[in-house]
Amino acid sequence: MDKEKERQSGELEEAAERAAAKETGETKAPVWRPQDADHADRKMHTRRRVRNAQIPEGTIFYHAKPKPSISDKGEKAVAVYARVSTKSDEQVSSIENQTRYYKEKIAKNPDWTMQGIYADEGKTGVSMKHRDAFKRMLQDAAEKKMDLILCASVSRFARNMTDCMEQIDNLKSMDPSHPVGVYFETENIYTLDPDCNQALSIHAMLADWESDNKSRRMILSYDQRICTGQFPVSDLLGYRHTTDGDLIIQEDEAVTVRFIFLARMDGYSFAKIAEILTERKRKTLKGRTDWNERMVSKVLRNERRWGDLRARKTIVINYKKGKTMKNDGRREGAYVPDHHEAIVSPEMARAVHMLSGARSADGVPDVGVIDKGGLKGFVNIDPCFGGIDRATILQLSNSVYSEAEYACLEREAKRINGDVYSNIFSINLTGYHVPHSAYFIGRDTPTLTISRRHLRFNRKCHERFGGGRKIGFLYHPLLQAIVIRTCEEGCGLAWRNAEGSPIVDLSAKAFCGAVYEEQDWISGYSFRFRGIMRERGNSKAMIFFLDEPQIIADKAAKKTGYIPYKNSGSDADPDTAGWEKRRNGMPYAMRKHRDKIVDGLSEADIAEPGVIVENPLIGGIPTRNEIRGELRRLSMLMQEV
């Protein structure tokens, strides 16, 4: 009260002084109250209150309970958690010893009853993802099935500091009326003791650090082993590994592996192969009998099945979250050809891998070449298969000619294509040109369009060939010609789908790439060709000459009016509005000579099967008939088991 009166008196004096100064016209500097005056007052009052505080008479104090201890009396349902990180004999012994030890410990305490033992064998402590027993224990704790958990050490509970502290907090606070404590025997830490947090944090951090250090040691160990030729190996379907690092074939499992490769080569889908293996109850490495497409695909991609070894294909980039990635050179790696005995040949593996991304309903096709007759030198291929390129086609075509025949063929090809002027003259039409065949393409013309990735036959081609499901596809790189022909139902290129509808668009990236390279075409353009039909008895053939294209150009070329459609740039002339000068036509003598070759085809020529040859891109693999015979044998073996 005294302070308040003094403050009011001071304010009145200041007001009187201001009034007097106003009357006399005098000015006086304002008097400011110190900024911390109130704070000083509060401090003074606080000190006075503390000094004068007294305990009221009759006050009753309630003292805190003693801190929780593992030795506290009272009945408790006690659980045990044990974990080892590997399934080695030594670790199995460890987990058994832990179980036995804690059973006896609980039995000796009259206040404790065994609630259950939760054991994770061969599980890492850096993540909870695969620790099923640990997760089951936490669920049981949430349902109040236990009061206490015994664990050998903090590192056995978790090696991830975040997980460790989070789960211990959950056990204490999920039900405040029924907290569940964990006792770590090695560190003598009881988590319900409020004074344990600092020690627990330190030990959890050390367990986390040790796990991180172990990860770095393993990376260094792998680097050292790879650099010294001690490549890590492990069991997989078809193989078991020895202590010396060798892989030994397991014949029963090898049957499954061979069946998968051969079935894929014969055109079976991943889903169909998985269905057959599941039906036959073929076991995986882990003993499962239910197969899926991904499992089949993994068997086909693993290089150890064909005898090679790639060490460290993947690397761990976050061991706590289990994140891995393909080893793109970040760490040491190695590839060892012919490391061990193969289950399938490398050639078979290459053939299977070349089916990826292509139409593979018919599997790996046989490659053939016509070795006689009017179509000699034409290569019989499936253009949708990935295992072909320009060099392969040239090599196969040239293989059926002698040196003299090939030289003669080169001269013939140059005359036919107009690269050299023909020495064959017409008596009365010398100097006349036959118009370019592209000028005759109309709605009723059978055509083939070639783009960088696709072949497209129009419906007129299908109408001319009738309702057959397959056609033979031939290509001659020197004569620059494609021939399609009737063939047996069981071989050739799919021409109609299962419903009988024409297949007009075929994905043929590898073949189209080979043609573009051979013809020196610019990849941005497409090219359309007129088909010339020839029927001989029951056989039909349609020929497309690739030196007379109708160019399907991009918008920029159409604006300029002239089209440089070859990479060399020499086939275009701006004065001819899109065609080089000779593209207006072909000398009549050359055309007549070409027609003579076409018209000379006999029924025997069209039906000539040629010979099946080895594809240089793949190597020696079984023929289609040999593959199917081996599949039948393996199928019988799988049925017997």
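With sequence neighbours left out, His340 forms a ring pair (Phe, Tyr, Trp, His ring centres under 6.0 Å) with Tyr239. Shown here are the side-chain hydrogen bond (donor to acceptor under 3.5 Å, both in side chains) partners of Arg131, two or more places apart in sequence or in another chain: Tyr81.
Ionic pairing of Arg240 and Glu253 is present here: one or more N-O contacts between side-chain nitrogen and carboxylate oxygen are shorter than 4.0 angstrom. The pair Lys67-Asp72 fails the salt-bridge criterion, with no side-chain N (NZ, NE, NH1 or NH2) lying under 4.0 Å from an Asp/Glu carboxylate O. With salt bridges taken as basic N to acidic carboxylate O contacts below 4.0 Å, one links Arg100 and Glu104. Salt bridge present: Lys105 and Glu185 bring a charged side-chain N and a carboxylate O closer than 4.0 Å. Between Lys76 and Asp147, no side-chain nitrogen of the basic residue sits less than 4.0 Å from a carboxylate oxygen of the acidic one, so the salt-bridge criterion is not met.
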Given side chain to side chain donor-acceptor pair (under 3.5 Å), test Arg216 with Asn213 step by step and report yes or no. CA-CA 5 Å; Arg216 291 194 296 270; Asn213 198 38; 3.2 Å; yes

Does the pair Ile260 and Tyr268 meet the rule for a side chain to side chain contact (heavy atoms under 4.5 Å, CB included), with working shown? CA-CA 9 Å; Ile260 291 173; Tyr268 289 52; over 6 Å; no

Before giving the answer on side chain to side chain contact (heavy atoms under 4.5 Å, CB included), spell out for Val180 and Met174 the whole-Å C-alpha distance, their side-chain angles and the decisive distance to 0.1 Å. CA-CA 9 Å; Val180 178; Met174 65 176 64; 5.7 Å; no

Walk me through it: do Ile627 and Ile621 pass the test side chain to side chain contact (heavy atoms under 4.5 Å, CB included)? CA-CA 9 Å; Ile627 289 173; Ile621 61 172; 5.7 Å; no

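Contact check for Met128 versus Leu138: side-chain heavy atoms found under the 4.5 Å cut-off. Annotation: side chain of Glu251 is in contact with side chain of Ile249 (closest heavy-atom distance under 4.5 Å). A heavy-atom distance below 4.5 Å is found between the side chains of His45 and Arg48. Between Trp306 and Met348 there is no side-chain heavy-atom pair separated by less than 4.5 Å. Residues His454 and Ser507 have side chains in contact (heavy-atom distance under 4.5 Å, counting atoms from C-beta outward). Side-chain contact between Arg264 and Val364 is absent, with no heavy atoms from C-beta onward closer than 4.5 Å. Using a 4.5 Å heavy-atom threshold, the side chains of Tyr102 and Val78 count as separate. When side chains are defined from C-beta on, Phe261 counts as touching Arg305, because their heavy atoms get closer than 4.5 Å.
Atom CD1 of Ile343 and atom CG of Leu247 lie 9.5 Å apart (nearest 0.5 Å). Note that the CG atom of Asp132 and the NE2 atom of His130 stand 9.0 Å from one another [nearest 0.5 Å]. Residue Leu309 holds its CG atom at 9.0 Å from CG of Asn302, rounded to the nearest 0.5 Å. For the atom pair His203 NE2 and Ser155 OG, the distance stands at 10.5 Å (nearest 0.5 Å). Between the OG atom in Ser201 and the CG atom in Leu206 there is a gap of 11.0 Å [rounded to 0.5 Å]. Annotation: the span from Asp266 atom CG to Lys272 atom NZ amounts to 12.5 Å, rounded to 0.5 Å.
Nearest approach of Tyr118 to Ala133, heavy atoms of both residues: CD2-O, 3.6 Å. Scanning both residues, Met354 and Gly387, for their nearest heavy atoms gives SD-CA, 3.3 Å. Summarising the geometry of Arg312 relative to Gly333, their closest heavy-atom pair is CB-CA, 4.4 Å, with the distance given to 0.1 Å. Between Asp193 and Pro68, the shortest heavy-atom distance links the atoms CB-O, 3.9 Å. Annotation for Asp308 and Asp338: closest pair OD1-N, 3.0 Å, computed over non-hydrogen atoms. Heavy-atom minimum distance, Ala79 versus Met146: CB-SD, 3.8 Å.
Glu303 places a side-chain N or O within 3.5 Å of a backbone atom of Arg310 that can act as its donor or acceptor partner.
Residue Lys172 qualifies as enclosed at atom NZ: its count of foreign heavy atoms under 6.0 Å is above 12.
Using modelled atom types, one finds no donor on one side chain facing an acceptor on the other under 3.5 Å when comparing Thr256 with Arg280.
A cation-pi arrangement is absent between Arg83 and Phe157 under the rule of less than 6.0 angstrom and at most 45 degrees off the ring axis.
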